[in-house]
There are 2 protein chains.
Amino acid sequence: MNNTTLKKIAETLGCSISTVSRALKHHPDISVKTREKVLELANTLDYEPNAFAVHLRTQNSKVIGLMVPFIFNQFYESFIASVEEESRKHGLALMILQTANDPAIESENLKLFRQNRVMGLFACITANTNDFSGFRKMSEQNIPVVYFDNVPKDPDTCRVCLADERAATLAAEAMLQTGKKKIAALFGDRGLSITTNRKVALENFFRSKSAGVQLTAYHATNSEEAEKTVQQILKATDKPELIFCMSDELLIGAMKAIQQLELKVPEQIGVISISNGFIPQLYSPRITYVETSGYKLGKLAFTHMMACISGASAVKELVQESVLIKGGSL
Amino acid sequence: MNNTTLKKIAETLGCSISTVSRALKHHPDISVKTREKVLELANTLDYEPNAFAVHLRTQNSKVIGLMVPFIFNQFYESFIASVEEESRKHGLALMILQTANDPAIESENLKLFRQNRVMGLFACITANTNDFSGFRKMSEQNIPVVYFDNVPKDPDTCRVCLADERAATLAAEAMLQTGKKKIAALFGDRGLSITTNRKVALENFFRSKSAGVQLTAYHATNSEEAEKTVQQILKATDKPELIFCMSDELLIGAMKAIQQLELKVPEQIGVISISNGFIPQLYSPRITYVETSGYKLGKLAFTHMMACISGASAVKELVQESVLIKGGSL
DNA sequence: TTAAGGTCCGCAATCGTTTGCGGAAACATT
DNA sequence: AATGTTTCCGCAAACGATTGCGGACCTTAA
């Protein structure tokens with residue numbers, strides 16, 4: 001461990017540690033001459049402050065945590081990339097853990113975050129988190145938590161959300177315009193807040209319009225399930241004219257089924273999805289989708305976090321707007 | 001900051017800090033009775049050791065670093081997910097930074113890693129890293145670095161690699177078996193070690209076989225470039241019968257071009273790729289590919305890292321084997 | 001000449017742990 | 001009774017930085 005410390009610099013310069021420390025941060029108490037000397041030596045010796053010592057002393061960590069169910073996922077990935085960009089700009093380190101949707105792992109992770117005294121946490125809770133004591137402990141230690149994607153029901157928590165209702169409504173409007181009546185709608189895990197939000201919004205929209213639309217809802221927790229479900233749906237005699245997918249994962253499954261049955265999009269089956277934007281453009285024609293950008297959400301989450309840390313945030317919830325991106329799949 | 005410390009526990013129990021510390025780690029010097037008392041109080045008070053203090057004292061950080069050009073990338077993503085799984089199992093925290101392929105950012109990141117005294121670093125260097133001083137400083141501080149994917153030319157560095165030559169050869173063999181002669185091969189950035197490795201291997205294979213194969217090489221640094229390139233290639237009068245893509249990114253671009261020209265795979269154009277496995281299965285028929293699993297590479301990298309940390313590793317390079325996954329695209 | 005004020009720097013406590021060492025008390029051995 | 005062994009625990013020094021406070025020295029003004 002060939003590390004240069006304040007002590008070493010002080011000794012070779014024949015001055016005190018405090019002088020070195022102050023010189024390095026341009027404290028006015030230090031004369032220009034000594035400051036220059038210190039800075040020069042520090043530079044040639046490649047001095048780098050020991051983050052642990054600093055954090056221990058100053059009680060603030062310059063590390064922020066991020067917890068997602070899975071990293072291997074377009075949406076989370078773009079969220080993470082976005083948050084990382086911002087944290088780097090602010091000189092913060094990012095500590096990332098995944099829960100695998102397991103509440104037990106989730107609470108272990110929270111422990112690790114607490115032990116590492118992260119100065120803030122971005123969290124997407126698992127689909128079946130019931131015990132919030134781990135999160136409460138964070139709050140008790142004044143560690144702000146900004147929830148995203150799947151958030152706790154408690155409205156008194158900081159959060160950034162996609163405009164779920166708006167997104168579903170945008171998709172619904174687009175579907176309504178096609179004039180097609182028979183719609184199959186694929187939703188994800190029932191435990192997720194976004195599932196409920198989107199489903200309710202979609203159903204409400206068509207109920208209020210009463211346009212003779214026949215909407216059938218299905219649930220699938222992953223791509224494979226979605227594929228099987230859609231295959232069954234499309235093989236039935238009374239097959240739908242439109243398929244709505246509430247996420248990229250489901251879209252992938254649906255498209256596999258459609259391709260296997262060699263159905264032409266949009267002639268034989270229309271497709272629309274809520275998506276992060278990457279998957280829809282892989283197909284030809286491009287799938288029409290309502291964008292829910294993890295990247296944008298990440299930026300939003302970060303500004304929210306900064307506001308929370310500085311204690312200036314009265315707002316609890318920030319919403320990332322949705323926008324319809326037209327492809328050729330309707 | 002409502003944190004319980006050893007001191008607090010010691011005071012309320014009327015014993016010394018050292019006793020509490022030892023009791024908590026089941027030191028034999030401490031009697032069962034006091035140990036129980038300490039453990040109980042620590043539990044009810046939700047004691048959690050201050051990681052900074054521990055690390056400062058013990059000089060070992062329980063944090064490992066990981067640096068990639070981009071997080072938003074199937075391959076890196078799966079690598080990260082894999083490494084995270086392992087680190088969590090070992091109670092380690094993972095600190096992730098991206099370089100955006102910018103050497104300046106890269107060296108800043110290295111600084112952050114050093115300041116945070118990571119106990120090890122997984123690094124994929126940028127396509128144009130020339131100055132390795134930042135990495136050398138890590139070595140001087142005895143921080144092991146395990147390179148992956150794009151690695152420095154210096155053979156005296158720890159690294160895990162995909163079997164690039166083997167992967168290219170496997171793909172070449174599969175192409176040879178089709179009997180098709182005109183092949184267009186798409187490669188990535190010339191600055192990447194994997195580009196060179198794969199290209200050389202592919203060219204050597206066909207040169208040695210001299211099977212009358214007409215191989216043309218193209219370069220594209222991203223999906224859009226690949227798309228344009230392939231469009232031009234396929235519009236030419238003398239269009240190839242097979243397209244080889246050395247990565248998922250290029251495959252995406254190639255497939256977009258193919259779909260736009262409404263060419264049938266594999267009848268009108270054969271496709272094969274080296275891939276992480278996610279993209280090829282999105283199409284129908286599934287694309288035949290040689291698997292280069294980021295997930296497996298991650299596992300391998302982690303075991304290599306553990307060996308390096310314990311100082312037990314004589315081996316410098318570990319190789320992750322390749323395997324051909326047959327789809328219906330040849 | 002003396003008091004006031006400014007400039008520049010060092011002392012020492014502190015953050016929360018870990019750990020070598022020494023020592024008191026209890027017990028066992030001749 | 002004297003000596004040797006355990007058993008159990010506390011003292012205090014680190015780890016590397018930050019920072020309030022005080023003090024030495026010099027300048028300036030009355």
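Judged purely by distance below 3.5 Å, without hydrogens or angles, the side chains of Asn150(B) and Ser193(B) pair a donor atom with an acceptor atom.
Taking the six-membered ring where the residue is Trp, the centroids of Tyr295(A) and Phe72(B) are separated by 6.0 Å or more.
Comparing dC8(D), dG16(C), dT18(D) by their closest approach to the side chain of Ile17(A) singles out dT18(D). Side-chain proximity of Ser16(A) to dA17(D), dC11(C), dC15(C): nearest is dC11(C). If you check dT18(D), dC9(D), dC9(C) against the side chain of Ser31(B), the one that comes closest is dC9(D). Considering only side-chain atoms of Arg22(B), the nucleotide from dT17(C), dG20(C), dA17(D) that sits closest is dG20(C). Here the side chain of Thr5(B) is nearest to one of dC9(C), dC15(D), dG16(C), namely dG16(C).
In terms of phosphate contacts, Gln59(A) brings a side-chain nitrogen or oxygen within less than 4.0 Å of OP1 or OP2 of dG16(C). Under 4.0 angstrom from either OP1 or OP2 of dC15(C) there lies no side-chain N or O belonging to Thr58(A). Here Lys25(A) reaches the OP1 or OP2 of dT18(D): one of its side-chain N or O atoms lies under 4.0 Å away. Under 4.0 angstrom from either OP1 or OP2 of dT19(C) there lies no side-chain N or O belonging to Ser21(B).
For the pair His55(B) NE2 and dC15(C) C1', the interatomic distance rounds to 15 Å; values are reported in whole Å. One interatomic measurement links the two molecules: CG of Leu6(B) to P of dC15(D), which rounds to 19 Å at whole-angstrom precision. Protein atom CZ of Phe52(A) is 22 Å distant from nucleotide atom P of dA14(D), rounded to whole Å. A straight line from CZ of Arg57(A) to P of dA17(D) spans 13 Å, rounded to a whole angstrom. If you measure from atom NE2 of His26(A) to atom P of dC8(C), you get 15 Å, rounded to the nearest angstrom. The nearest whole Å value for the distance from the NZ atom in Lys37(A) to the P atom in dC8(C) is 14 Å. As rounded to whole Å, 13 Å separates atom C1' of dT18(D) from atom CG of Asn50(A). Taking atom NE2 of His27(A) as the reference point, atom C1' of dT19(D) lies 8 Å away to the nearest angstrom.
Counted within 6.0 Å of CD on Glu36(A), heavy atoms from surrounding residues, nucleotides or ligands total more than 12; the atom is thus considered enclosed. Within 6.0 Å of the NZ atom in Lys299(B), the count of heavy atoms belonging to other residues, nucleotides or ligands exceeds 12. Within 6.0 Å of atom NZ in Lys7(B), 12 or fewer heavy atoms from other residues, nucleotides or ligands are found, so the atom counts as exposed in its surroundings.
Thr19(B) contributes no side-chain N or O that forms a donor-acceptor pair with the base of dC8(D) under 3.5 Å. At a cut-off of 3.5 angstrom, counting only N and O atoms as typed in the model, there is no donor on one side facing an acceptor on the other between the side-chain of Arg117(B) and the base of dG16(D).
Look at Lys8(B) and Glu11(B) and you find no salt bridge, because none of the NZ, NE, NH1 or NH2 atoms lies under 4.0 Å from a carboxylate O.
Residue order along DNA chain C, read from the 5' end via each residue's closest nucleotide, puts Val54(B) first among Asp29(B) and Val54(B). Residue Arg35(B) is the one, among Ala53(B) and Arg35(B), whose nearest nucleotide of DNA chain D lies closer to the 5' end (criterion: closest heavy atom). Between Leu56(B) and Thr34(A), the residue anchored nearer the 5' end of DNA chain C, judged by the nucleotide with its closest heavy atom, is Thr34(A).
Within 4.0 Å of Ser18(B), counting heavy atoms only, lies at least one base atom of the nucleic acid.
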